[in-house]
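To start, the structure itself, in structure tokens.
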Amino acid sequence: MATNITARTDLSGLIPEPVTREIIQGVTEGSAVLNMGRRLPNMTSKTQTMNVLDMLPTAYFVNGDTGTKQTTKMKWDKKKIVAEEIAVIVPIPEAVLDDADYDIWGEVRPRLVEAFGKVIDGAILFGTNKPTSWRDSVLETCTKAGSVVAATPYIYDDILSEGGVVAKVEESGYLVNGIMSAIQMRAKLRGLKDKGGSPIFKTDMQGATPYALDGSPMYFPRNGAFDASKALMIAGDWSELVYSIRQDITFKIFDQGVVQDPSDNSIAYNLMQNDMIALRAVMRLGWEIPNPKTAYNDTLSKYCPFAVYAPAGTVNTVTVTPATATVAKGASKAFAAAVTGDGAVSNGVLWSVSGTAAVKAGTKIDENGTLTIASTETNTALTVTATSKQDGTKYGTAAVTVG
């Protein structure tokens with residue numbers, strides 16, 4: 001009995017060499033991380049070793065004309081980029097292939113770009129289904145370095161003020177050159193207004209206005225990989241995220257077999273039964289955050305070229321220290337607050353003092369928690385309160401005796 005199976009040789013013309021190169025370029029364009037990160041030369045093997053500066057040299061003054069010149073050393077640590085395989089399968093009905101006027105690659109290429117970009121970005125940014133050989137994700141790296149800022153109602157301060165997302169990167173000695181953000185942040189930024197009610201982030205209604213923060217361009221990935229439940233924004237020096245592609249992308253065409261759903265192994269397509277052709281695309285790449293020592297962060301125990309603006313977790317407690325204090329009239333006392341909770345919580349608090357009879361005379365507490373007692377204060381018992389910026393229902397107090 002004659003068969004109607006399309007042979008592989010009959011379809012070989014569908015993947016000429018120019019199309020293969022075009023798809024490699026498309027993958028880079030479809031991935032926000034690969035678009036913003038720094039590409040290294042292509043890998044020639046599965047692993048690639050980088051020597052990363054881990055200790056800086058130290059210079060000394062020579063004591064006098066005959067002083068002894070001291071020696072110093074530099075130290076390099078080795079970090080490896082490991083190439084792992086990424087694959088996608090695109091089933092195509094034979095009826096579509098038989099239509100000579102149909103733009104096959106115009107339909108297939110966007111799906112390949114989206115699929116590759118989504119899996120690359122998800123693994124690198126959030127660790128989603130990442131290979132075990134790959135390093136911690138950007139989110140995990142920032143969490144361990146203490147470079148996560150929890151969202152509060154004070155969005156401008158969260159992002160741009162001291163202790164904000166941009167400042168976290170600068171504290172590690174890096175300058176933000178790009179910000180990747182959830183699409184939901186666009187509305188939040190447009191809604192910010194100053195005390196006079198004017199928008200802080202202005203847009204041009206007559207032309208395209210790219211989003212930027214503090215001079216750094218913002219990107220809003222739309223390939224479905226940016227998880228807004230884990231991060232609203234990732235800011236950093238993206239030249240410190242490097243990647244390398246193992247140049248062995250290949251295509252294979254199958255006219256028999258089944259395509260299974262990896263979540264439950266159920267059969268999604270039976271190529272023979274459904275009269276379909278399956279195109280499988282495979283590539284390999286690896287990445288790393290070298291994070292070398294610099295003159296700025298040489299003495300820091302934790303430093304990171306990225307910072308995350310995360311959705312607010314749940315604030316449980318606010319604790320003020322010291323819990324009790326005696327402060328003389330005309331003197332000052334510094335208080336500190338610690339905020340604990342589940343998930344990402346902001347340590348930012350609003351300070352206030354109550355029980356004073358001399359507010360106009362000068363008894364006050366500043367935004368950093370420093371209490372100053374007026375020389376004319378008549379009350380002997382005051383209360384210092386630290387209220388969570390993230391959750392105004394959570395606060396801690398300290399009792400102050402005016403000496």
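- Applying the side chain to side chain contact (heavy atoms under 4.5 Å, CB included) criterion to Ser354, with sequence neighbours excluded, gives Thr383.
- Among pairs with a residue in residues 138-151, those fulfilling side chain to side chain donor-acceptor pair (under 3.5 Å) read Arg135-Thr141, Asp136-Lys144, Ser137-Glu140, at least two apart in sequence or across chains.
- In Lys118, the NZ atom is not crowded: 12 or fewer heavy atoms of neighbouring residues, nucleotides or ligands sit closer than 6.0 Å.
- Counting heavy atoms of neighbouring residues, nucleotides and ligands inside a 6.0 Å radius, atom CG of Asn129 does not exceed 12 of them.
- In this structure, the side chains of Tyr243 and Ile120 stay at 4.5 Å or more apart for every pair of heavy atoms.
- A donor-acceptor pair is defined here as one N or O able to donate and one able to accept, closer than 3.5 Å; such a pair exists between the side chain of Ser181 and the backbone of Leu232.
- Considering every non-hydrogen atom in both Val169 and Pro305, the closest pair reads CG1-O, 3.6 Å.
- Taking each heavy atom of Val339 and Val345 in turn, the nearest pair found is O-CG2, 4.1 Å.
- Side chains of Val88 and Val119 form no contact here, defined as non-hydrogen atoms less than 4.5 Å apart.
- With rounding to the nearest 0.5 Å, the separation of OG in Ser198 from NZ in Lys193 is 9.5 Å.
- In this structure, Ala374 and Thr363 approach most closely via the heavy-atom pair N-OG1, 2.9 Å.
- Phe220 pairs by the ring-ring contact (aromatic ring centres under 6.0 Å, His included) definition with Tyr211, not counting sequence neighbours.
- Scored by the side chain to side chain contact (heavy atoms under 4.5 Å, CB included) test, Asn368 finds Asp366 as partners (sequence neighbours excluded).
- Residue pairs that meet the side chain to side chain donor-acceptor pair (under 3.5 Å) test with at least one member in residues 272-282, sequence neighbours left out, do not exist here.
- Judged by distance alone, the side chain of Thr152 and the main-chain N or O of Tyr154 form a donor-acceptor pair under 3.5 Å.
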Determine, stepwise, if the pair Met218 / Leu189 fulfils side chain to side chain contact (heavy atoms under 4.5 Å, CB included).
CA-CA 12 Å; Met218 295 188 69; Leu189 296 177; 3.7 Å; yes
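- Scanning for side chain to side chain contact (heavy atoms under 4.5 Å, CB included) contacts around Ser266 gives Asp261, Asp264, with sequence neighbours left out.
- Donor-acceptor pairing under 3.5 Å is recorded for the side chains of Ser31 and Asp121.
- Shown here for Gly341 and Asn316, the closest heavy-atom pair between the two residues is CA-ND2, 3.4 Å.
- Pairs engaging residues 159-171 under the side chain to side chain donor-acceptor pair (under 3.5 Å) rule: Asp157-Ser161 [sequence neighbours left out].
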Quick one, Tyr269 with Ile89, criterion side chain to side chain contact (heavy atoms under 4.5 Å, CB included). Give me CA distance, side-chain angles, the key distance, then yes/no.
CA-CA 11 Å; Tyr269 301 104; Ile89 298 175; over 6 Å; no
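- Under the 4.5 Å side-chain criterion, counting only non-hydrogen atoms from C-beta, Val353 is in contact with Leu371.
- Proximity of a side-chain donor or acceptor of Ser172 to a complementary backbone N or O of Tyr303 within less than 3.5 Å is not detected.
- The structure places CD1 of Ile373 at 8.0 Å from OG of Ser332, a figure rounded to the nearest 0.5 Å.
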Going through the checks in order, is the side chain to side chain contact (heavy atoms under 4.5 Å, CB included) test met by Val320 and Val349?
CA-CA 10 Å; Val320 178; Val349 296; over 6 Å; no
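- Side chain of Trp134 to main chain of Val82: a donor-acceptor pair is present (N/O by atom type, distance under 3.5 Å, no hydrogens or angles).
- To the nearest 0.5 Å, the span separating CD1 on Ile234 from CD1 on Ile179 amounts to 11.0 Å.
- Tyr174 places no side-chain N or O within 3.5 Å of a backbone atom of Gly236 that could act as its donor or acceptor partner.
- A search for side chain to side chain contact (heavy atoms under 4.5 Å, CB included) contacts involving Asn177 returns Asp237, Trp238, Ser239, not counting sequence neighbours.
- Two residues are said to be in side-chain contact when any heavy atoms from C-beta on lie closer than 4.5 Å; Val138 and Trp287 meet this criterion.
- Judged purely by distance below 3.5 Å, without hydrogens or angles, the side chains of Ser216 and Asp214 never pair a donor atom with an acceptor atom.
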Show me the donor-acceptor pairs, under 3.5 Å and distance only, between side chains in residues 395-403 and residues at least two apart or in other chains.
none

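- Annotation: side chain of Val327 is not in contact with side chain of Leu382 (no heavy-atom distance under 4.5 Å).
- Contact of the Gln256 side chain with the Leu271 side chain is not registered, since no non-hydrogen atoms from C-beta on lie closer than 4.5 Å.
- Scanning all heavy atoms of the two residues, the minimum distance from Val308 to Ala231 falls at CG1-CB, 3.7 Å.
- With rounding to the nearest 0.5 Å, the separation of OG1 in Thr317 from NZ in Lys394 is 9.5 Å.
- Ala325 approaches Pro322 most closely through the heavy-atom pair CB-CG, 4.2 Å.
- Shown here is Arg186, whose CZ atom has more than 12 heavy atoms of other residues, nucleotides or ligands within 6.0 Å.
- With sequence neighbours excluded, no residue satisfies ring-ring contact (aromatic ring centres under 6.0 Å, His included) with Tyr219.
- With sequence neighbours left out, the ring-ring contact (aromatic ring centres under 6.0 Å, His included) criterion links Phe126 to Phe226.
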Could you walk me through whether Ile159 and Met185 pass the side chain to side chain contact (heavy atoms under 4.5 Å, CB included) test, one step at a time?
CA-CA 11 Å; Ile159 300 172; Met185 282 299 301; 4.1 Å; yes
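- For the salt bridge (charged side-chain N to carboxylate O under 4.0 Å, His left out) test, residues two or more places apart in sequence or in another chain that qualify with Glu84 are Lys46.
- Rounded to the nearest 0.5 Å, atoms CD (Glu114) and CZ (Arg222) are 10.5 Å apart.
- Between the OG1 atom of Thr372 and the NZ atom of Lys333 there is a distance of 12.5 Å, given to the nearest 0.5 Å.
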